[in-house]
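In the text below, chain A, chain B and the rest are named by the order of the sequence lines, each starting its count at 1.
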Amino acid sequence: MRWSQAFIPTLRDDPADAEAASHKLLVRGGFIRQLMAGVYSQLPLGLRVHAKIEGIIREELAKIGGQEFSLPSLLPSDILEKSGRIGVDVLFSLKDRHGATACLGFTHEEIFAWLARELRSYKQLPQIWFQFQTKFRDEERPKSGLLRVREFVMKDSYSFDATSEGLDYAFQQHFEAYRKIFERCGLDTLAVEASSGSMGGSESIEFMVETTAGEDWVVSCAACGYAANVEKATSLLGPISDEAGPEAPEKFATPGVHTIEEIAAFEGGAPADCQIKTLVYVVDDQLTLALLRGDHALVEQKLLDGTGATAARPAGADEIQGALGASAGSLGAVGVSDLRVVADPALTGRKNLVTGANEDGFHLRGVSMERDIRVDEWMDLREVTEGEACPLCEAELAVRKTAEVGHIFKLGTKYSEALGAQVLDKNGKQVPIIMGSYGIGVGRAMAAIVERWNDDNGIIWPVNVAPFEVVVTVVNPKDVESSEAGQRIYEQLLGDGIDVVLDDRDERPGVKFKDAELVGIPYRITVGPKGLANGKVEFFRRRGAEKRDVDVHKAADVVQNAVLEERR
RNA sequence: CGGGCCGUAGCGCAGCUUGGUAGCGCGCCUGAAUGGGGUUCAGGAGGUCGGGAGUUCGAAUCUCCCCGGCCCGACCA
C-alpha cells in the first residue's frame with residue numbers, strides 16, 4: 001500500500017465528544033468514524049486491525065476444534081420467545097411488511113441450540129461451534145468509543161456436550177484459548193469469577209483488562225492471584241466485639257437525622273460499623289429488606305444471585321411508607337415479620353447496634369441481631385473495598401477499574417431444553433445437550449489494546465494486531481535516489497510477506513513522522529538524502545522510540561527480522 | 001431512567017447576553033519556495049448556523065416544539 005493512495009484520514013485535534021484515550025486515538029488515527037450513538041464505521045485501517053484480531057481468535061479456536069459458522073443477525077421473534085429472552089431490554093425489534101416481529105440478534109444461544117437439534121447421538125459430541133457476527137444491543141448508554149456500543153462484532157462460540165465433565169473440559173479449553181488470544185493481542189487479562197446474570201448457568205469467568213475507561217470493578221489479590229468481579233468478590237473482615245448493651249432495644253429521638261453519617265455524628269448515636277443499614281428492595285415483586293453493616297454498600301447483583309430473582313429495584317417512597325410506616329432514613333427490621341428479611345453475614349452475632357425505629361425521627365439503640373431481628377436468609381450482599389483481606393490468603397485486596405473483553409459461561413441445559421436440542425445417551429435415553437457459551441467483543445478488544453498501548457504521540461500497536469507492521473517513510477519524495485531506495489525496501493518487504501506501507505506522500509517529513517506514530521505502526525524505516533549519502537537509512541521502533549542507522553541494503557532484512565521475532 | 005452540557009465550514013472553536021444578512025485556527029485546492037519532526041509566502045474554494053414553527057421590517061442570536069450528540073449517576077446478557 002502506498003500512503004499517498006490510502007484513505008487514512010488523520011486528525012490533528014481530538015474529537016470534541018471523545019473522552020477515552022482509545023476513542024480519541026482511533027478517531028484521530030483514521031481507524032473509525034461514528035455514525036450515531038454507539039454505532040461506528042470501521043475505516044480501512046480499523047478493519048485491518050479488526051481482521052488481525054479475528055485471525056488470532058480463529059487460529060486459537062481451530063486448535064480446540066472450533067468450527068466456523070455464520071448465522072443471521074435478523075432473527076424471528078418466536079425463537080426468542082421459546083427461551084424467554086424476547087423481553088430483554090437491549091433487544092432491538094422491528095416489524096416486517098406482514099406485521100411479523102423480527103429481532104436483531106444480541107447473542108446467538110438460541111440459534112445455535114436450534115441448529116444443534118440436528119445432533120442425534122452422544123457419539124456426535126462434543127462440538128464447538130463459533131462465528132464472528134454483528135450483535136445489536138440497544139444499550140441505554142453507549143460510551144467511550146468502541147468500548148460500549150450498540151452494534152459490534154462478537155466472536156461467539158458454543159460448546160455442546162453430553163456430560164457435565166464434557167462441559168467442564170470445553171470450558172477449560174476455552175479458558176486456555178482465551179488466555180492465548182489475549183496474550184497474543186498484547187493484553188494482560190485478569191480472569192475473574194463473575195455473576196452469570198440472566199444468561200443462566202452455573203459458572204462464568206470474565207476476562208478483564210485494567211483501564212480507567214472501563215466500567216467494571218475487579219477485586220484482586222497480588223499475593224495469591226485471587227480475582228473476582230465486585231459483583232461476586234468477597235473478603236475477610238476483622239472481628240468486632242460489641243458491648244453487651246441493654247436488655248431490650250431502646251428508642252431514642254433523632255430529629256432530622258436520616259443518614260448513617262448523621263447517626264455516627266449524633267450524640268447518643270453509633271459509629272457506622274455499629275449501625276444496621278436497612279435497604280428496601282422490590283425483588284421480583286416481593287418487598288424485601290436487605291440489611292448491611294452501616295459502613296457497607298449493597299451489591300444489587302448479589303441480592304439477585306442470593307435470592308435467585310431476576311429483577312430487583314429500590315422500593316419507591318410510598319412503597320416504603322406503606323410497608324414500614326416510615327420513610328427512608330428511619331427504617332429498621334426490628335419487629336418486622338411480614339416482609340422478607342435478608343442480611344449480610346457481616347452482621348452475624350452483632351449486638352448493641354443502632355438502626356431505624358420505623359418511625360420518622362426515631363432510632364433504636366442496643367439492637368441485637370440474634371435477639372431482635374428475624375432474618376429469613378443470610379447472604380453475602382456487601383461490596384468489597386480496597387485494602388480488605390483476601391478471602392484466600394488474607395493479603396490486602398486491590399480494587400481496580402477494568403473493561404470486560406471476554407466472558408465464558410457454563411450454560412447447562414437452559415437453551416437446549418427450551419429449544420429441544422437433545423441427543424440419545426449411552427443408555428438410549430433422550431438427554432438435553434449441555435451447552436457453554438463464550439464471547440469476545442472484537443471491537444472492544446481493539447479499544448482495550450489501544451487503552452493499554454499508547455503514549456502522547458499516539459497508538460503503539462503490538463505487531464500481531466498492527467494495521468501495518470512497517471512503514472517506509474521517504475523523507476523527500478522529489479529526491480530520486482530516496483524514492484528509489486524507499487521503493488526497493490518496500491518491495492522487498494512486500495515480497496517477504498510483511499505488512500508494509502510506503503509513505504510516498506509529498507508532505508513535510510514531520511507530518512509523515514507524526515502520522516506514522518499516531519497510527520501506531522510498530523516499525524519505521526526512514527529513507528532520506530542525509531542518510532543515503534553514507535549508505536544508511538534509519539530504523540525506528542515505535543515502542544521505546546529506539547532509533548539506529550542501518551545499511552540501506554540490509555534495512556529490509558533488519559526490520560523483517562524484528563517483525564518476525566514479535567509475530568506470535 | 002434521573003442530573004448536567006452541547007449542536008455554527010472536513011476537524012477544533014468564537015459570535016448569541018444587547019437581533020442588522022457569519023468569523024478564527026487547522027485542514028482542503030492552485031502556484032512558488034522548502035525537504036530528517038505538524039515549514040513558509042501568495043491566491044482560492046467551502047456554511048440550509050441540527051430541523052420545524054413563531055415573534056419581528058429583519059433571527060445563528062428571542063420564544064415554542066422536535067431531532068441528534070456528549071458527560072456524571074443508575075442499569076447492563
Under 4.0 Å between a side-chain N/O of A/Q34 and OP1 or OP2 of B/rG68, yes or no? no
According to a strict under-4.0 Å criterion, is A/K530 in side-chain N/O contact with OP1 or OP2 of B/rG35? no
Pairing nucleotide - [N], Watson-Crick or G-U, each distance under 3.5 Å:
{"N": "B/rU17", "value": "none"}
{"N": "B/rC24", "value": "B/rG12"}
{"N": "B/rC41", "value": "B/rG31"}
{"N": "B/rC1", "value": "B/rG73"}

Please state whether the rings of A/F409 and A/H407 are parallel, tilted or perpendicular, taking 30° and 60° as the class boundaries. parallel
Over 60° means perpendicular and under 30° means parallel, so classify the ring planes of A/F207 and A/F175, tilted if in between. tilted
Starting at the 5' end of RNA chain B, which residue's closest nucleotide do you reach first, A/R148 or A/E19? A/E19
Closer to the 5' end of RNA chain B via nearest nucleotide, is it A/K514 or A/D216? A/K514
Are a donor atom and an acceptor atom from the side chains of A/Q131 and A/D156 found within less than 3.5 Å of each other? yes
When you check the side-chain N and O atoms of A/S482 and A/E484, is any donor under 3.5 Å from an acceptor? no
Looking at [options], which one has an atom nearest to any side-chain atom of [X]?
{"X": "A/A16", "options": "B/rG35, B/rG37, B/rC13", "result": "B/rC13"}
{"X": "A/V88", "options": "B/rG35, B/rC76, B/rA77", "result": "B/rA77"}
{"X": "A/D13", "options": "B/rG25, B/rC70, B/rG37", "result": "B/rG25"}
{"X": "A/V511", "options": "B/rG38, B/rC76, B/rC13", "result": "B/rG38"}
{"X": "A/E215", "options": "B/rA77, B/rC75, B/rG35", "result": "B/rC75"}

Considering only the [atom1] atoms, how many Å lie between [N] and [M], rounded to the nearest integer?
{"N": "B/rG4", "M": "B/rG20", "atom1": "P", "result": "30 Å"}
{"N": "B/rC64", "M": "B/rU55", "atom1": "C1'", "result": "11 Å"}
{"N": "B/rC16", "M": "B/rG2", "atom1": "C1'", "result": "29 Å"}
{"N": "B/rC24", "M": "B/rA9", "atom1": "P", "result": "14 Å"}

Using atom names, set out every protein N or O paired with an N or O of nucleotides 1-8 of chain B below 3.5 Å, distance rounded to 0.1 Å.
none

Side chains of residues 139-149 of chain A: which donor-acceptor partners sit under 3.5 Å, not counting sequence neighbours?
{"residue": "A/E139", "atom": "OE1", "partner": "A/R148", "partner atom": "NH2", "Å": "2.9"}
{"residue": "A/R148", "atom": "NE", "partner": "A/R141", "partner atom": "O", "Å": "3.3"}

Partners meeting salt bridge (charged side-chain N to carboxylate O under 4.0 Å, His left out) with A/R524 (sequence neighbours left out): A/E517, A/E538
For the pair made of [atom1] in [X] and [atom2] in [N], what is the distance, rounded to whole Å?
{"X": "A/K512", "N": "B/rU34", "atom1": "NZ", "atom2": "P", "answer": "16 Å"}
{"X": "A/E300", "N": "B/rG73", "atom1": "CD", "atom2": "P", "answer": "15 Å"}
{"X": "A/L279", "N": "B/rA74", "atom1": "CG", "atom2": "C1'", "answer": "15 Å"}

Could you tell me whether the side chain of A/N457 has a donor or acceptor atom within less than 3.5 Å of a complementary atom in the base of B/rG38? no
Between the base of B/rG37 and the side chain of A/R524, is one N or O donor paired with an acceptor at under 3.5 angstrom? yes
Listed pairs, N/O of protein and of nucleotides 47-52 of chain B, under 3.5 Å:
none

Cationic tip of A/K410 above A/F171 ring, under 6.0 Å, 45° of axis: yes
Detail all sub-3.5 Å separations between protein N/O atoms and N/O atoms belonging to nucleotides 27-32 of chain B.
{"residue": "B/rG27", "atom": "OP1", "partner": "A/R12", "partner atom": "NH2", "Å": "3.0"}

If you look only at distance, which donor and acceptor atoms sit under 3.5 Å apart when one is on a side chain in residues 26-36 of chain A and the other is two or more places apart or in another chain?
{"residue": "A/R28", "atom": "NE", "partner": "A/L11", "partner atom": "O", "Å": "3.0"}
{"residue": "A/R28", "atom": "NH2", "partner": "A/R12", "partner atom": "O", "Å": "3.4"}
{"residue": "A/R33", "atom": "NH1", "partner": "A/V27", "partner atom": "O", "Å": "2.7"}
{"residue": "A/R33", "atom": "NH2", "partner": "A/P9", "partner atom": "O", "Å": "2.8"}
{"residue": "A/Q34", "atom": "NE2", "partner": "A/M36", "partner atom": "O", "Å": "3.0"}

